[in-house]
Structures are given as structure tokens and as C-alpha cells.
Amino acid sequence: MFRVPFPAIGLLLFGSLVMSPARSDELRDLYFGEALFYAHRGLWFDALERLDTEIQQHDGVDEPELDSLYYHIDDAEFALGDFELRYRMHHRAGRAIRAVLEGDVDELVRNDAAYRLARLHFQKGQYADAQQALGRIQGKIPAAIRDDIEFLRGNILLAEGRPAEAADILEQLQDSAGFGGFAAYNLGIALLQDGQQQAARDQLDKAGRIVSDDPAVLAIRDKSNLVLGTVLLESDQYAEAGAAFNRVRLDGPFANQALLSAGWAAMSTDQIEKAVVPWSILAEREVTDAATQEAMLALPYAYGKLDVHGRAATYYGRALDSFGIEVDRLNESIVSIREGKFLEALVREEIRHDKDWIIRLREMPQTPETYYLMDLLATHDFQTGLQNYLDLADLRKKFLAWQWSLDSFDDMVAIRHDHYEPLLPEVDQKFRELDSRLRLRIEQHRILTRRLHDMLTTPRPEFLATRDERAILARIEDLETRLLNPDDPAEETLRQRIRRVKGVLTWTLETEYHARLTRFDANLRSLNEAMAVAHEQNEAYVRARQAATHSYVGYDKPVERLRVRVRQATEEVELMMARQGHLLEVVAIEALVARRSRLENYRDKARFALADSYDRATQAQARRDLAP
Amino acid sequence: MLTFLRIVMIALLVGGPAGVSVAQELSGDDMRSLDDQVQEIKSDVLSIASELNNLEERLLYPSNTQVAVFIAIARDETFRLDAVQIEIDGELAAHHIYSFNELEALKKGGVQRIYTGNVTTGEHQMSIAVIGKLKNGDDFTQSDTIAFAKKVEPKILGVTLTGSGISVGDW
């Protein structure tokens, strides 16, 4: 009886993300931004897939504070719950929201999460849990959801059968900018349920006079008038009821029911001619509408009461024909659904791109059944089932693409294997040779470096001798070892000459030591650079070599495991689609059978009434003929 | 007949079409049960998607060669972005024409990954060309070239577009 005008589930935080931190100049984690990019386009699966992966990676790092998502983690976890809700994964969304509630988050964020959790429970009919979630709201409340919280609280109480308490809360929302019209209507319903008939009528009357140009508020205003009229009609206050029905707009969603009821209100006070007016209008409207069909029967009934039996007979005949056509159409629709055409039409891509795709279904000649299913299509359970069916159909398409991807991975791995396997042994052999040479040079470099360090503490000029000088020194040492007789004057002369040569050499080594050490240091530095380059090239090669192996080794098992998972998931999805589809078909057929049954009942009544009208018309004609 | 029709009328108003209500009651529990199962499947499929993504990344874009380019629109920009073209080292990497839906998503703070590919370690150049329309209706084109160094880890480049220029951030 009452409605909850949530514009979108769980959009509050998502909405705030839209406005605040997810801007390129503030965003630290581009992958989080990518998830938002998908979310803003309504691609919930892709958004979830991206964000889920990003959060998992963040949770897996050793130092999360160094990860770019660290700056957005609260928002990301909140957004995850939103996306799950939008993708109709209420269980996971509930868990995500609870995680936020239990986390170390700002009071405003926690209260927002508690509100969304309450709304989730409310939608699932878990009213006690919804109340409990609302009970967690304490302290600062985001201004944007203050009225939402109270409106939800009122609706929960109403759903729990506590209309008096609901009325107290809804009373406070009468001036709400966002909920005024809805709160006014729901307050009327709460008072009605509480048995406060007069107060309920006054409230519904007030709700039925709200001034607005918002289509949703205008619709709820119409509904208020319709309910008020019905309540008055049941209380035998026909004139007042007629006035309420007349306030319903003729082009609104409740116009047909209002026209029908207005006719009955007039009939109840024997204002038959007054009843003919709305019913005449209604009888010309969309023939599949239940109110129209009833008016097609009510209109000739009124003419019969006015003793215009000929016209009554004409309208009964028209109704009879129309009901016959509609019964045939319903039969065709039932057959069409049984042939699977209904489900085929639902998954057609070009229709689903239109936001009013359910309405557009009516315009499709391939789906005659949808003419009669608009009420059913609008119910929450059917919508859930339908959306699930469509989601499953989308998943099945993904599986097909994934199967192709996995096949491509196999091909890619095989091509890489065939390319690298013959090349790698030769490459490895060459690398081993180069690697051993490099290692030798590294050792030499290490020795030179150590020598430099030694010379910095203990000067060793001979270490810096040139090749020629080292040869001379070696020669001198050799000669010295050969001069064995210290008493031989000839050898003494030679020894003096050797000492002079050695002295000259030592002089050179000692005096040039610092210059040579500086040169040696400079040369060693440039050698360091060369060694670093060689080392880097060596590492780059090792990485490239590893990458070559990693490009085709170790994929068999993961690919096969994924292939099995995709295959199993495909089977599950197909099974689920079959069950979900079957259920949708059964429900749709039940709805059509019920409509057909009612139409057949109407047709029988029309047939009898037609015969009766003919009799009365004939009798009236006979009386006129006999009259003098 | 008056009574019959009035009863039907009230049923229509208060409870909706009787047939629909019956069908709905019959199906409600089944629908909810299936809904629970569908949620489980979705969860499982998301996990498969995540694993598949990781595998794909390992296989196609190993971290030592991976480069990814992201596109964002600066806050409060009013220009209409029509297309972006990215070249890396003179080779066409990506060319994207934006739909209304994508443009709105960017303006609301979403970030588009326009390109993921592979480059060798070392110095590279990326050229960005942007085509769009300013608020006053004038066409505008912008282009810029930046140098970047690819090291062992994945290279992530964030391109932020404004009506007056292009900036590239290193993530």
C-alpha cells in the first residue's frame, strides 16, 4: 500500500564519491578511478571486478601505507558495498557495509553505512534487523540523508504493523523537501491502518492537494486521491468519493482506475448519466487495461439502467467482440511464452539499451504477452527475477568470451614455447661463457679496489709502477740474486750501478706516487662505471631470460583450472537461467491465465447481458409499436 | 452485477490484479531462493574474472615490460572531449572516440585506462593528441609529447586533460 521512493539503492556514498575525492587531481590510485569509470557508466560487474582485485592486492601488500589505494581505502570499501548493491549482490553488500560499520571510520560515514544496511534489510523484509541497523545511528548524521532515515524508520514501523508509531514519525516529515508528498501519503495510510478513519481521510485529502510539478509527487497525489475516494466509497460517502476521484489527473498512471471508480461513485447515488461520462472515456482507452475492460461492461450496464437498451446492446456487443479478441490474444500470448519467445525478447540487447525498455516491450509485435504483463513486470519479485535472468544471460556471454581467451592463451603459450625452446640452449651457452668472463673481471676489479684502499692507508709506490718499471724492477731483483760474491770488486761495481738504477726508479716511483695514485683512482672510477654497466646488462639479460621462460612456462595448470571453473560456472548459469526463466514464464502464464479467466467471465456476462438487452430493446420497441 | 463489478474494482485498486497477486505469492519464495543462488554465482564469477585478469596480465603484460596509460579530465572542465590518440615511440598505441556515457563518467571523476601494452626498459616517448569542443562551440585540438623512462616495475602514466592543456603524471 505504501511506497518507498528510493531513487537508487546505495547511491549515497557513491554520489559523494562522484562529487569529491575521485578527481584526477586528488586521486592517488588510478585503478580505483578506473573502477569508478565503470561504475559511472552502470557497468557494475566491471566496476566490481576492478575494485575487488585492487582491494585484494592492497590487503596482500606488506606495507599498505606505501600502496596508492591506502589514501582511498575507506572510500573504496564503501564503494565496493555500493557496487555490490547495484549489482544486486545483497549478501556481499551487507557484509561490506557491516565491515565499514565495524571499521575505524568517521561518524558520518558510519551512520551513512548503518542507514544503507537498514534499507537493505527493509527491502528484504527483515524489519527487526532494519530497526537494529537504524539503532546504530548515533551522533552526526549526513545532512543529505536525515529525512531518508526518518522516512525509512516510518516505513519500517508501518511494515511491522505499528502504524501509530509510524504516523508520529511521518508527521515530522510533512515539510520535507524530498519526501513531502510521499510522507503525506504514507501518513494517510498509517492513520488508516491505525483505525483513525477521519484523520486518515483528512490526511489523504491533504496529500491529494499537494502542489508540485514533480511527476513522482503528482503520481503520489493521484494515488492519495484514488485511495481517499475508495475509502469514501466504501463508507457510502459517494459524493465526496466522486470529488476525490475527479481530482486524479486524466493522463496520470491512476487515471483509468479513477475514471472507473468515479463512475461507480455516481452509480451509487443513482446519478447514472453522470456515471456514463467517465466510463465512456475509459471504454475508449487501451483495451488491455483491466479498468478499461471493466468499463466496457459497466457502460452498457449504465445505459441499460437508463432504459437505452438498444445502445446498451450495441456496447455489450462491442465488449463481447473485444473480449473475444483479447481472450484470443491472451491465448496467443500464453502459447508464445510457452515457446520461449518472452524470454528471447527480454534478452534482446537493442531493447535493454533503452532505460524504458520494459515499456518498449509493449510496442513489440513479437511479444504480445507483454500487453498484459505490465503490472506483473512492475512487481518487486518479478523485477528481481527478471534482472537476475538478464544478469545470468550477460554472464553466459562473458563465459563464451573467456573460453575464447583461454584458448588464445593456450595458442600463445604454445607459440612462445616453440619459438624459445630451440633458441634458449645456445643462448644459455653463450651467456655462461660471457658470465664466467664477467665474473673474472669482477674479481680483478675487486682486487684493484682493495689495493687502492690499502694504498690509501699504507703508501705502496711499487704498486703503481708501469709495466716497463715492473720489468726493470724484476730485472734488478734477478741481477741482485745473481751477484753472489760480496768480495768480488767487479760485482761490487755492478751492485753500485744496480743501486743507482734502483735509486732512480725509486725516485721516480716516490715522486710520481701521488699523481699516479690520482690517475689510478680516476681510472678505477671509470672502471666502476663500466663494471656497473656490465653488471646491469648481465642482470637485464637474466631478467629477459627469466621473462622468456615465464612467458610460456607454468600456465598449463592455471589455464586448465580456469577452464574447468568457467565450464562449471557456465553449467551452473545455464541451469539457473533455465530455472529462473521457467519461473518467470510460469508466473507470467499464471498472470495471463488469471486475466483470461476474468475476461471469459466478463464475456459470459456480456453475452447474457447482450441477450437481455436485445429482449428489453425488442420489448420496448413492441410497446412503442403498440402504443396509440 | 453491480456488486460483482464493484468487488472486482476494489480488488483492482487495493490489491492489484487478483491473478498477479496469486502468481506473485506462489512465486515469491522461489524467486527469493533463486536470487540467493544467483548471488552466489555472481560472487564465484567475480572470483573467476579476477583470476583470469591476473593470468592475462602475467601472460600479456609482464611487469618488466608493462606500460599503462590512463585518461582523466580535470575538475570543473566544461569542454567536450571527442577523441584521444596515444602514440608510443611513434607507434599508434590507442585511439578512442568518446561516447556521451563515457564522457560523463570521466567528468564525474572516473579514470579510463586507455592503453595497456609492453615496452622495453629504457627511455621512451609518448605523444598525446586530443580533439574536442569548447563550451563556446569552438573546436580545439591539443597535442603534447613527453619522455618517460621504463624500469623494471610496471609503468603507469596518468594523463589529465583540461581545456587549455595536457599534463602527465607518473604513478
Side-chain angles (χ1 to χ4, degrees), chain A residues 18 22-25 27 30 33-34 36-37 40-41 48-49 52-53 68 87 89-92 226 230 257 260-261 264 290-291 294 297-298 301 375-376 379 381 384-385 388 391-392 395 402 409 412 540 543 547 550 555 558 562 565-566 569 572-573 576 579-580 583 587 590-591 594-595 605, chain B residues 1-2 5-6 8-10 12-14 16-20 22-24 26-28 30-32 34-39 41-46 48-53 55-56 59 62 64-65 70 72-75 101-102 104-106 108-113 121 152 156 158 160 171:
Chain A
V18 167
R23 305 302 312 195
S24 56
D25 51 351
L27 195 68
L30 289 176
E34 189 188 13
L36 292 176
F37 182 64
H40 287 307
R41 294 162 61 202
L48 265 175
E49 180 192 333
D52 226 6
T53 307
S68 53
Y87 193 49
M89 295 178 71
H90 300 106
H91 296 316
R92 270 180 50 154
L226 190 62
T230 306
Q257 286 182 7
L260 184 65
S261 302
W264 286 119
E294 194 178 321
L297 213 50
Y301 172 76
D375 291 327
L376 179 65
T379 62
D381 280 341
T384 302
N388 281 339
D391 287 344
L392 290 169
L395 290 182
W402 290 353
F409 291 169
M412 203 177 294
R543 281 197 302 273
H550 289 164
Y555 291 98
L562 273 171
R565 286 188 73 187
V566 170
E572 279 179 47
V573 162
M576 201 59 66
R579 289 174 61 189
Q580 185 73 73
L583 191 56
V587 173
E590 280 178 13
R595 289 296 299 272
K605 289 192 181 303
Chain B
M1 191 156 87
L2 176 64
L5 287 173
R6 273 193 61 180
V8 170
M9 188 273 290
I10 288 167
L12 275 172
L13 183 57
V14 177
V20 173
V22 172
Q24 198 184 337
L26 286 173
S27 67
D30 291 335
M31 288 282 190
R32 280 187 281 277
L34 280 174
D35 185 44
D36 287 347
Q37 293 175 57
V38 170
Q39 288 189 49
I41 287 183
K42 284 177 174 176
S43 194
D44 192 35
V45 175
L46 276 169
I48 295 175
S50 181
E51 198 177 332
L52 190 67
N53 272 349
L55 182 71
E56 188 178 57
L59 193 61
N64 61 331
T65 57
F70 290 80
I73 291 183
R75 182 197 291 270
N101 182 268
E102 290 170 330
E104 284 299 299
L106 284 176
K108 287 174 182 172
V111 182
Q112 177 205 16
R113 180 158 35 154
T121 47
V152 182
I156 302 174
T160 305
W171 265 264

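To find a chain, count down the sequence lines: A is the first, B the second, and so on, and within it residues start at 1.
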Side chain, backbone, both or neither of [X] within contact of chain A (heavy atoms, under 4.5 Å):
X	result
B/Glu104	neither
B/Asp36	both
B/Asn64	side chain

Quick one: pull up [atom1] in [X] and [atom2] in [Y] and give me the separation to the nearest 0.5 Å.
X	Y	atom1	atom2	answer
A/Met576	B/Asp35	CE	CG	10.5 Å
B/Leu59	A/Met412	CG	CE	5.5 Å
B/Thr160	A/Leu27	OG1	CG	9.5 Å

If you count the non-hydrogen atoms of other residues, nucleotides and ligands that lie under 6.0 Å from CZ in A/Arg579, is the total more than 12?
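Counting neighbours around CZ of A/Arg579, 12 or fewer heavy atoms of other residues, nucleotides or ligands fall under 6.0 Å, so no.
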Between the main-chain N or O of A/Met89 and the side-chain N or O of B/Lys42, is there a donor-acceptor pair closer than 3.5 Å?
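Side chain of B/Lys42 to backbone of A/Met89, a donor-acceptor pair under 3.5 Å: no, none is there.
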Choice from A/His91, A/Gln580, A/Arg543 maximising heavy atom contacts with chain B below 4.5 Å
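Most pairs with chain B among the choices: A/His91.
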Any side-chain heavy atom of [X] sitting closer than 4.5 Å to one from [Y]?
X	Y	answer
A/Arg565	B/Asp44	yes
A/Arg92	B/Gln39	no
A/Asp52	B/Ser50	no

Which heavy atom in [X] sits nearest to a heavy atom in [Y], and how many Å separate them?
X	Y	answer
B/Val111	A/Phe37	O-CB, 3.3 Å
A/Ala569	B/Ile48	CB-CD1, 3.9 Å
B/Gly110	A/His40	N-CD2, 4.0 Å

Please classify the contact between A/Leu48 and chain B as side chain, backbone, both or neither, with a heavy-atom cut-off of under 4.5 Å.
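It is both, since atoms from each part get that close.
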Please flag which part of A/Tyr555 lies under 4.5 Å from any non-hydrogen atom of chain B: side chain, backbone, both or neither.
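Answer is side chain: those atoms of A/Tyr555 sit under 4.5 Å from chain B.
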Kindly write out the residues that satisfy side chain to side chain donor-acceptor pair (under 3.5 Å) with A/His550, not counting sequence neighbours, or none if the list is empty.
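A/His550 satisfies side chain to side chain donor-acceptor pair (under 3.5 Å) with no other residue.
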Give me the one residue out of A/Leu395, A/Thr384, A/Asn388 that meets side-chain contact (heavy atoms from CB on, under 4.5 Å) with B/Val38.
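The passing option is A/Asn388.
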